[in-house]
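One structure is given below, encoded as structure tokens.
The first residue in the sequence is number 1, and the count goes up from there.
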Amino acid sequence: MSTMWQGCLAHTDYFEMRSGGGHDYGIWVTTPPGYDPAVAQAPVVYVLDGNWAVGLTAPLIVTQLDPMQAIRPYIQVSVGYAGEEAEHWERLRNRDLVPPGEPLAKEYVDAVEMGVETGTTTREQADAYLAELSDSRGDMFLDFLTDDLHPRITREWGAAPSGHGLFGYSYGGLFSLFAWLTRGTFFESIGAGSPGIVGVDSQVFDRLGAMGDALPATRLHVTFNEQELLGDIPVYQNLAKNAATFLHRLSARDGAPVTSALMHETHVTGLQASFLSYLRTCRAQ
């Protein structure tokens, strides 16, 4: 597999790994151009939804050679699903990227049901998709990243001891906020693209309120998309409005290391733009 991925994505290796919870993951590791850990070690940027995101984000490793706006060297580790499970990544991500106990918004269920009505998904697929949300385990997936996967990356690719980052989009963005609110000290910076805060009762608001003024020192960069806010799809409208509300509540606190940007994209097309915004804002030379 590593030979095949080397041909598709430059400087990229691939392996599969089982978590302590018994789930299998596919891992793509993309190293900086000319990377030699014996000379200088690079920190890791973890990118979620690897089955979708790796092709859009891993090639941006060349930004580290951009003479007009160079990005600090990083090793990109894209995390997705392996084998037959790769076909079902859209469903399995609900289990891994959503915090445990996250309320399921009506608008989200309506969006899934619309897919059944329009024929873009089957009844069986929709039921399986929603079922993963009934026992979401974002906490276990976060443990896998920091306690299982990261030591292996450090050992085999010579990662730096600090300066690590995390980027997630949509439900991956919700996971990024969850990581920032629960284990912010592990990462130096976190990017949350169009975070999936679909309901006003999302637990990220409760967790933020419970923190009081003791916000994480980790830098947080939040993006959302113009067409989410201005379009006529309720689930995306809510997502954008709730992301803005989250940012407003942060801006009221002095010293919060938080930045944000509005992308001129839709929810589907915004991933790459959001990742590039994170790199430029949080990881510039």
Side-chain angles (χ1 to χ4, degrees), residues 48-49 90-117 120-121 125-142 166-184 190-212 215-216 220-253 256 258 260 262-263 265-268 270-271 274:
L48 309 176
D49 283 318
E90 289 182 277
R91 167 172 59 83
L92 294 172
R93 70 193 293 270
N94 293 346
R95 176 195 71 199
D96 288 334
L97 302 183
V98 177
E102 178 73 1
L104 182 57
K106 179 181 181 299
E107 291 83 357
Y108 194 85
V109 176
D110 290 344
V112 174
E113 292 298 329
M114 183 184 299
V116 177
E117 294 173 8
T120 59
T121 188
Q125 290 171 332
D127 290 344
Y129 186 85
L130 293 173
E132 295 290 356
L133 293 169
S134 65
D135 187 28
S136 54
R137 295 309 306 264
D139 54 340
M140 292 181 63
F141 185 66
L142 182 57
L166 171 70
F167 174 81
Y169 188 81
S170 192
Y171 263 163
L174 177 65
F175 178 88
S176 293
L177 294 183
F178 171 72
W180 186 72
L181 290 165
T182 59
R183 201 176 304 183
I190 289 178
S194 291
I197 315 173
V198 181
V200 295
D201 56 349
S202 172
Q203 64 171 281
V204 296
F205 293 118
D206 293 335
R207 288 178 179 271
L208 181 60
M211 295 182 74
L215 294 177
L220 175 67
H221 184 63
V222 180
T223 63
F224 52 102
N225 295 300
E226 181 180 71
Q227 293 306 313
E228 293 165 344
L229 190 61
L230 301 179
D232 58 358
I233 300 178
V235 65
Y236 293 146
Q237 289 178 335
N238 282 11
L239 181 151
K241 288 188 290 186
N242 290 330
T245 298
F246 187 84
L247 286 169
H248 286 318
R249 295 186 184 181
L250 284 174
S251 64
R253 307 183 185 205
V258 180
S260 62
L262 180 65
M263 305 289 100
E265 302 288 344
T266 71
H267 190 73
V268 173
L271 185 149
S274 180

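Nearest heavy-atom pair across Ser136 and Gly101 is OG-N, 4.0 Å. Closest heavy-atom contact between Phe141 and Leu48: CE2-CD2, 3.7 Å. Residue Ala192 comes nearest to Gly173 through the heavy atom pair CB-O, 3.6 Å, listed as atom of the first residue, atom of the second, then distance. In plain terms, the two heavy atoms of Pro100 and Gly138 that are nearest each other are CD-N, 3.9 Å. The heavy-atom pair separating Ser176 from Gly191 by the smallest distance is OG-O, 3.1 Å. When all heavy atoms of Phe224 and Leu247 are compared, the pair lying nearest together is CE2-CD1, 3.9 Å.
In this structure, CG on Leu177 lies 8.0 Å from OG on Ser202, to the nearest 0.5 angstrom. The line from CE of Met211 to CG of Leu181 is 5.5 Å long, rounded to the nearest 0.5 Å. Taking CG from Leu271 and OG1 from Thr266, the interatomic distance works out to 11.0 Å, rounded to the nearest 0.5 Å. For the atom pair CG (Asn238) and CD1 (Ile197), the distance works out to 11.0 Å, reported to the nearest 0.5 Å. Here CE of Met263 is found 10.5 Å from CD of Glu228. Values are rounded to the nearest 0.5 Å.
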Quiz prompt | Intermediate values then yes/no, side chain to side chain contact (heavy atoms under 4.5 Å, CB included), Phe178 and Arg207 | solution = CA-CA 9 Å; Phe178 171 72; Arg207 288 178 179 271; 3.5 Å; yes

Exercise. Take Leu220 and Leu250, measure what side chain to side chain contact (heavy atoms under 4.5 Å, CB included) needs, and give me the verdict at the end.
Key: CA-CA 10 Å; Leu220 175 67; Leu250 284 174; 4.1 Å; yes

Quiz prompt | Evaluation steps, side chain to side chain contact (heavy atoms under 4.5 Å, CB included), between Gln227 and Leu229 | solution = CA-CA 5 Å; Gln227 293 306 313; Leu229 190 61; over 6 Å; no

Exercise. Please lay out, stage by stage, how Ser194 and Tyr236 fare under the test side chain to side chain contact (heavy atoms under 4.5 Å, CB included).
Key: CA-CA 9 Å; Ser194 291; Tyr236 293 146; over 6 Å; no

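Note: Phe246 and Phe205 have tilted aromatic rings, judged against thresholds of 30 and 60 degrees for the angle between ring planes.
Contact annotation: the side chain of Leu215 approaches that of Leu208 to within less than 4.5 Å [non-hydrogen atoms, C-beta and beyond]. In this structure the side chain of Asp49 never reaches within 4.5 angstrom of the side chain of Tyr171, judged on heavy atoms. Using a 4.5 Å heavy-atom cutoff, the side chains of Trp180 and Val258 are in contact.
Remark: side-chain polar atoms of Glu102 are paired, donor with acceptor, to backbone N or O of Gln203 under 3.5 angstrom. Counting only distance, with no hydrogens or angles, the side chain of Tyr169 and the backbone of His267 share a donor-acceptor pair below 3.5 Å.
Here the rule is side chain to side chain contact (heavy atoms under 4.5 Å, CB included) with Leu174, and of Leu97, Val198, Leu239, Val204 only Val204 fits it.
Contacts of Glu226 classified as side chain to side chain donor-acceptor pair (under 3.5 Å), with partners at least two apart in sequence or in another chain: His264. Considering only residues two or more places apart in sequence or on other chains, Asn242 meets the side chain to side chain donor-acceptor pair (under 3.5 Å) condition with none of them. Legend: residues meeting side chain to side chain donor-acceptor pair (under 3.5 Å) with Asp206, ordered by chain and number and at least two apart, are absent.
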